[in-house]
Every structure is written in structure tokens, then in C-alpha cells.
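Below: one structure, written as C-alpha cells.
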Amino acid sequence: MATLQLLRAAQILQQGAEGRVYRAEFLGKPAVIKERFPKRYRHPELDERLTHRRTVQEVRSILRCRRAGISTPVVYFVDYSSSCIFLEEIVDSQTVRDFIASSQPSSSQKDQELHWLAKLIGQILAKMHDEDVIHGDLTTSNMLLRRGPESSEFELVLIDFGLSYISALAEDKGVDLFVLEKAFLSTHPNTELLFQQLLHSYSTSSKKSSAVIKKLEEVRLRGRKRSMVG
Amino acid sequence: MHFTQTLELFPEQRVTQMLFKDVKNAAELRQSAVEGKINAALINPIMLVSPFQALLAANKAVHLQTIGKMKTRSLNSEIIFNLSPTNNISEAFKRFGISDQDRSLLVVVVHSKDESEFLSNIASRVDGQQVPAEDFSSFSDPAKIRKLYKVTPQEETCGSLLDAVVCRMATKDVM
Ligand SMILES: Nc1ncnc2c1ncn2[C@@H]1O[C@H](COP(=O)(O)O)[C@@H](O)[C@H]1O
């Protein structure tokens, strides 16, 4: 198990319930390694199948995004025997979460100052959904900002496709946006207007947005009903 | 001239790449490789963008050999196979393996720590001129690479041609 030996000596970036994320040098380049570990409560054979499928889905979604011109980390190597994915490390970047948090202390102006960012996120998510990629875990921590090598403009890099899958259903896309909306508004207080700008940008960029936004509204309503009952 | 990199996953193993131009004995070299008399992967560099590409192919070959899951019969042919975007073995050899009339050649050797004699031995059998292993760009044909790996113009807006190629190589088993 060469991969697991390497990981034992690597720096841990994140420890989760599903797996760990490490940073290490790989073939001379800075890399991020995502490990999924077995779940002991599941039947070993079933667990192996599910873990393998998740790993496959993750790299397929990344490739599909990149083909469409959406920035995601390059996949260097996949070790299916230990369910590890070796990815390009996005160096000199910061999460959208940190960027928004540090941008403007007086919250009233956030939606003006960050309008460009809301627009950019909306455009990229529209492009991703038009490719039928459902991210599955959209948060502002799973979006990185880096400056392009030749330009001063920010580039948005989507990461963590660990829960992603391919679907053309408006419902799945609506839920994807709903997950982001909840994460966004709870992480960044008083950004309702900013998120509206994001959705507006999404709507004007995506070819099939009207059905998705309709589903988003339905899902919101369902969520509210459930919380009234529970 | 050589480019040598340790495989972090297999710290005992090194990969050395040697690039040659004006090669006059490609047919003879290919024959020796087929007979197992040259322990190296002999590659036509036209479809290669950077040494990183061959390095990834070698790393994956050693990995699959270690877990007993190679698709071809030897480590060296597995390196060639891993460069290809498809799972068709004979197609991989046609595109990436050396052909008798080729004039440029990339030699990829997987070896352990101190084998400089072994390496210079292989190098001396090539009747050609060695050039720095970083000089891939003077051999590669980006148009052919884009076609073979099916790289879209959009894809090159978010990354380099190398990035696109690397992703294809890494994910071809599940596409
Ligand atoms: N390719 C990458 N480049 C840089 N940092 C990353 C990368 N992938 C993951 N990270 C960092 O590791 C954390 C957890 O990764 P993930 O599980 O993919 O969300 C992220 O929030 C990032 O801070």
C-alpha cells in the first residue's frame, strides 16, 4: 500500500467523516490527495462498491467540468485500490468564504462591493448545470479564488466533487442551488441581496434556468413547511 | 541532459527520461525492445507535451505492477499504454511506441537508486544526438495531440494542453 504509506507522512488539511484531505509533493508538484476510507458499519463488499463509485463519479465530474472550460483541479492520478485521488493543488488561492468574510466590515455594502463575485459564481454554476453536473455540496468553502497568471482578474475554481453526480433533472439542479443558498446565507450574514444577484446571474446565463429556479422555489417551500411541522 | 525523478509512492524507484534527435537506428532499437534486450520504454515524443506526461505514465505503470493489475505484459509496455487516451493496446503502441522510420526518441527507464552505468549503457545504444529532456516542445505536435486526446477549445481556456492531457490519462479507465 504505497499510497497509504505516503499519506502517513503527509500533511493533513482536513479530516472528515468520509475521508481525509492531505497535501504532499507528487512527482515533484504540489498536490492535494483525497482519501476515502471504508465505513465499518457497511457490508465490506457493498462499501467497496459504493466507495469505488463515488471515486469514479468525482473524477468524471471534474473532467466534464474542465471540458466545458470550468476551472477545477487537474486530476493527476487515481489509486482505485485505496480510493485516493491525487489532484493539482490550487496554490496562491483563497476560499470564497474567506474572501467574502474579509471583504467589507460594514455589511450593508457587501452586495455592491461583491457584485462581480456573485455574477461570476452564477455564471459558472449555470455553465456547470448546463453540462448536467450536480456538485452536491456547494458552499463558499468549495470555491477557490485565484488570480490568473496573465491577468489581474480573479478566476473561480470549483473543488470537492466528492458528492457530485451527473443529472439533467431541474429538481437536482434546484436542490444543488438550495444547498448553496442555505450554506451561503448562514455563513455570510446579511447577504440576501448578494445571493439574489448570484441567482440572477445564474438565470441569465443558463439556457434552462427557469425550470431550475422554479424547482428551487418549490424546495424552499418544502423546507419551510417541514420546519413548521417539525 | 537526463531528467530523473523519484517516485514518491515508490521511494526506491526512479524514472529517468532521455530525449534524442536524428536517431538512425530506430528499427534496431525497437527490435531489441521487442526481444526484451533493452529494459526501457521507447517512445515517439510527438504526442508528448512535457516530461511530466511520461512521468505520470511510469508512476501508474509501477503502481499497477505492484498491485498486479497491469493491462499489458511488461512494465515498459504498460508505460506506453498509459500514455494513450484509449484502452486499445495496439492503438497505443501505434501512437506512442517508436516506429522503424522515427528520427526522434524518448527513452523512459524505471530503475533503482544508483544505476548510472545501466543508464549510459542504454543511451550508448542509441545512434542519435541526445538533447535536454526538457526540450519536448521541439518534437511535439499540439494539433495532433489535441485531436488524439479530444481536447476542446473551451478546455484550454481553463488550463494548459498538458493539464487536459494529464486529466485524460488519469481518468481513462473509467470513461
Ligand atoms: N486542489 C486543491 N487545492 C488547494 N486546496 C484544496 C484543494 N482541494 C482541497 N483543498 C483544501 O482542502 C479543503 C478540503 O477539501 P475538500 O474535501 O475537497 O473540500 C478545502 O476546503 C480546501 O481548503
Side-chain angles (χ1 to χ4, degrees), chain A residues 1-7 9-10 22 24-31 33 52-82 84-88 90 124 127-128 130-131 146 148-149 151 155-158 161, chain B residues 3-15 17 49-70 82 85 108 110 133-134 146 149-175:
Chain A
M1 290 285 95
T3 301
L4 299 183
Q5 260 159 36
L6 178 85
L7 295 186
Y22 303 83
E25 185 107 328
F26 177 65
L27 303 178
K29 292 189 193 263
I33 303 155
H52 184 261
R53 198 201 296 157
R54 283 250 144 268
T55 306
V56 168
Q57 272 167 340
E58 182 160 1
V59 298
R60 275 190 189 150
S61 299
I62 290 177
L63 190 66
R64 200 181 259 239
C65 281
R66 292 192 62 94
R67 271 209 203 107
I70 301 163
S71 288
T72 64
V74 176
V75 183
Y76 288 150
F77 171 60
V78 188
D79 178 354
Y80 295 99
S81 69
S82 59
C84 289
I85 305 178
F86 292 65
L87 298 161
E88 164 196 19
I90 307 299
I124 288 176
K127 207 192 265 187
M128 182 182 82
D130 282 351
E131 292 295 319
R146 78 171 160 200
S151 75
E155 181 192 20
L156 189 76
V157 185
L158 297 183
F161 287 80
Chain B
F3 173 81
T4 300
Q5 166 77 43
T6 302
L7 297 180
E8 295 90 346
L9 287 174
F10 311 94
E12 300 301 307
Q13 308 268 31
R14 308 273 183 283
V15 176
Q17 301 184 46
V49 190
S50 135
F52 188 58
Q53 209 174 330
L55 201 50
L56 279 168
N59 175 76
K60 187 170 171 183
V62 175
H63 163 71
L64 292 175
Q65 187 182 46
T66 309
I67 64 171
K69 291 208 168 148
M70 289 205 300
N82 289 342
V108 179
V110 177
E134 289 75 19
R146 286 188 185 102
Y149 286 94
K150 299 197 173 73
V151 179
T152 64
Q154 298 102 282
E155 189 166 357
E156 284 186 78
T157 63
C158 72
S160 65
L161 181 57
L162 175 65
D163 292 340
V165 165
V166 162
C167 280
R168 296 299 190 293
M169 286 170 51
T171 60
K172 75 166 181 171
D173 323 64
V174 294
M175 288 300 151

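A, B, ... follow the sequence lines: proteins, then strands. Residue 1 opens every chain. What you see is a predicted model, and the numbers here were worked out from it, not measured in a lab.
Each of B/E156, B/M175, B/K69 has some count of heavy-atom pairs under 4.5 Å with chain A, and the biggest count is that of B/M175. Contacts with chain B were tallied for A/L63, A/V59, A/T55, A/V56; A/L63 has the most, counting heavy-atom pairs under 4.5 Å.
For B/T157, the part lying under 4.5 angstrom from a heavy atom of chain A is the side chain only. For a residue to count as touching a neighbouring chain, one of its non-hydrogen atoms must lie under 4.5 Å from one of that chain's; by this rule A/L27 touches chain B with backbone and side chain alike. At a 4.5 Å heavy-atom cutoff, the contact between B/Q5 and chain A is made by side-chain atoms alone. Looking at A/I62, there are no atoms closer than 4.5 Å to chain B (heavy atoms on both sides), in backbone or side chain. Both the backbone and the side chain of B/D163 come within contact range of chain A, each with at least one heavy atom under 4.5 Å from a heavy atom of that chain.
Annotation: the span from B/Q154 atom CD to A/E131 atom CD amounts to 7.5 Å, rounded to 0.5 Å. Remark: A/C84 SG to A/L6 CG distance equals 9.0 Å, nearest 0.5 Å. The distance from the CZ atom of A/F26 to the CZ atom of A/F77 is 6.0 Å, given to the nearest 0.5 Å. To the nearest 0.5 Å, atoms CZ (A/F86) and CG (A/D79) are separated by 6.5 Å.
Judged by the 6.0 Å distance and 45° axis criteria, A/K29 is positioned over the aromatic ring of B/F52.
For the pair B/Q17 (side chain) and B/P51 (backbone), a donor-acceptor distance under 3.5 Å is present.
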